[in-house]
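See below for the structure under consideration.
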Amino acid sequence: MGKLKFERPVITRINAGVPDKFGMGTAIQPIGYIDDVAVEDLLADYGSPLFVISERTIREVYQEALSAFKTRYPKVQFAWSYKTNYLNAVCKVYHQEGSWAEVVSGFEFEKALANGVPGGKIIFNGPDKTEADLRKAIEHGALIHIDHFDELYEIMRLAPELGQTAKVAVRINMDTGIYPRWDRFGFNYENGEAWAAINKIMPAPNLELVGLHTHIGTYIMTPNAYAIATEKLAALVVRIERKYKHPIKYLDLGGGFASKNTLKGAYLPGSDTCPSFDDYAEAVTETLINSDIQYEQMPALFLETGRALIDEAGYLLGTVLANKRLADGRRSLVIDIGVNNLFTSFWYNHHIVPARMNQRDTEDTTIYGPLCMNIDVIREAVMFPVLEKGDPVVIKRVGAYNMTQWLQFITYRPKVVLIDMNGQPHIIRENETLETMNALDRMPGHLNDIQL
Ligand SMILES: *Cc1c(COP(=O)(O)O)cnc(C)c1O
């Protein structure tokens, strides 16, 4: 028998909860399988850390959201928010489900076209559309959501030059009771700018006003904010009809529904407190149906939901590197998942659990990533079982924004695997290597040789 491991005992203050005779019992449900594929097999086959996406969850959550809206309002169209997760395979799952594309840059616009989305089904948002982007968008018949007057004037110049009609919508920011108010995108509702923009678009011969758009913020916990937004957009539809006899084809309520993640500082878990798709859908559709818009001219309802659709489908698997005691005796765990790969750890207390439970005892633990950076903290304090080097861990709900905002920093970015509807894993993005990292570097000739 090998020598047993000894760890010097420490006495720590118990800060919360009531211990029983076995200590602090915290119910922790390990995650050993994702869609019936063993976490340990995934790590062995594809390396650690590893992003895993469940195609089944993507499709199920999408259908849940779609039916919440469709059962209340007949004309509903989702457009996948590319910046939330633009891995091509992920985008294609949404496009197979019938979702259009919502993009916020020339790069994302090109990506959507390359993924086979017809120009007329691409919504082009964002403050940064170059002249070349606008030309391309007009030529492809994309839905251009105008952000500011400079962009409006540029479209007014380009559309006649191209001999085409630009299909445009105005992005509108407004007070919906959510603070801080997002007033930097689009035209303001309350101060009349949105109405002024509409009055410039309507007489312009090569511009067709097809929609009105707002994106009131992100992780919005109050469905009523969407009711207010819908009411304000509906009022503009009525006003446009009265002045120009021009029906608006769609109202786009943007994204912003909360996912089930828990914000830092929240008292209760997000899975208990976040509104459901039904709550949001009820707020929007009820307001729309009861608005003064003429019955025959009821617009289609567009949604650009991002995080609430994809967060749930994403997992980040990793491995314990070391166990440590901090100076004050607290337990800490070092894992191979850093904040460079888990950007959202700055906002969320991510749900992290072991893939298997070796024992029931838990201890207040700080979980660090592998970076040589003091800010690399995955969880400041979480009741966690004592794990050993090499033990697998799983972080839940990481599908949104991490695979787009991840940073190449200190280590290579990992592989991403999609588990298909039959439980078959597929690599949908390779890990970086020294070759991929060096591919964009260039070496001036005089630096080729070094003599050490
Ligand atoms: C980011 C973004 C979205 C998606 O937002 P979520 O909060 O992830 O739902 C939708 N529309 C626009 C214009 C955006 O910028």
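The model shown is predicted, which means the values in this text are computed figures rather than measured ones. Sequential numbering from 1 along the given sequence is applied to the chain's residues. Counting convention: from 1, in listed order, for ligands and their atoms alike.
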Notebook entry, point to check: Between F185 and ligand 1, which part of the residue brings a heavy atom under 4.0 Å of the ligand: side chain, backbone, both or neither?
Noted result: neither
Item checked: CG (N438) with more than 12 external heavy atoms under 6.0 Å -> yes
Note to self: Less than 6.0 angstrom separating the ring centers of F257 and Y219, yes or no?
What the structure shows: no
Note to self: Main chain of N191, side chain of N188: is a donor-acceptor contact present, judged purely on distance under 3.5 Å?
What the structure shows: yes
Item checked: Closest protein heavy atom (residue, atom, distance) for atom 7 (O) of ligand 1 -> T218 OG1, 2.4 Å
Notebook entry, point to check: Does the ring centre of H95 sit less than 6.0 Å away from the ring centre of W80?
Noted result: no
Next item on the list: Flag this pair as yes if the NZ/CZ of K129 is under 6.0 angstrom from the six-membered ring centre of F124 and inside a 45 degree cone about the axis; otherwise no.
Entry: yes
Next item on the list: Count the heavy atoms of every other residue, nucleotide or ligand shown that sit under 6.0 Å from CG of D36, and state whether that count exceeds 12.
Entry: no
Next item on the list: Would you tell me which option among E304, R171, H145 has the nearest heavy-atom contact to atom 12 (C) of ligand 1?
Entry: E304
Check: Is the count of non-hydrogen atoms from other residues, nucleotides or ligands lying under 6.0 Å from D292 atom CG greater than 12?
Finding: no
Check: Under 4.0 Å from ligand 1, counting heavy atoms only, is it the side chain of H215, its backbone, both or neither?
Finding: side chain
Check: Do any nitrogen or oxygen atoms of F257 lie less than 3.5 angstrom from nitrogen or oxygen atoms of ligand 1?
Finding: no
Note to self: Give me the residue, atom name and distance of the protein heavy atom closest to atom 15 (O) of ligand 1.
What the structure shows: K83 NZ, 2.6 Å
Next item on the list: Please confirm whether G256 comes under 4.0 Å of ligand 1, counting heavy atoms of the residue only.
Entry: yes
Next item on the list: Mark up the atoms of ligand 1 that fall under 4.0 Å of a heavy atom belonging to S81, in ascending order.
Entry: 3 (C), 4 (C)
Check: How far is atom 8 (O) of ligand 1 from its nearest protein heavy atom, and which residue and atom is that?
Finding: Y401 OH, 2.5 Å
Notebook entry, point to check: Taking only heavy atoms of T84, which atoms of ligand 1 are found under 4.0 Å from at least one of them?
Noted result: 8 (O)
Note to self: Does any N or O of ligand 1 fall below 3.5 Å from an N or O anywhere on Y219, backbone included?
What the structure shows: no
Notebook entry, point to check: Is the Y280 ring parallel, tilted or perpendicular to the Y226 ring (thresholds 30°, 60°)?
Noted result: perpendicular
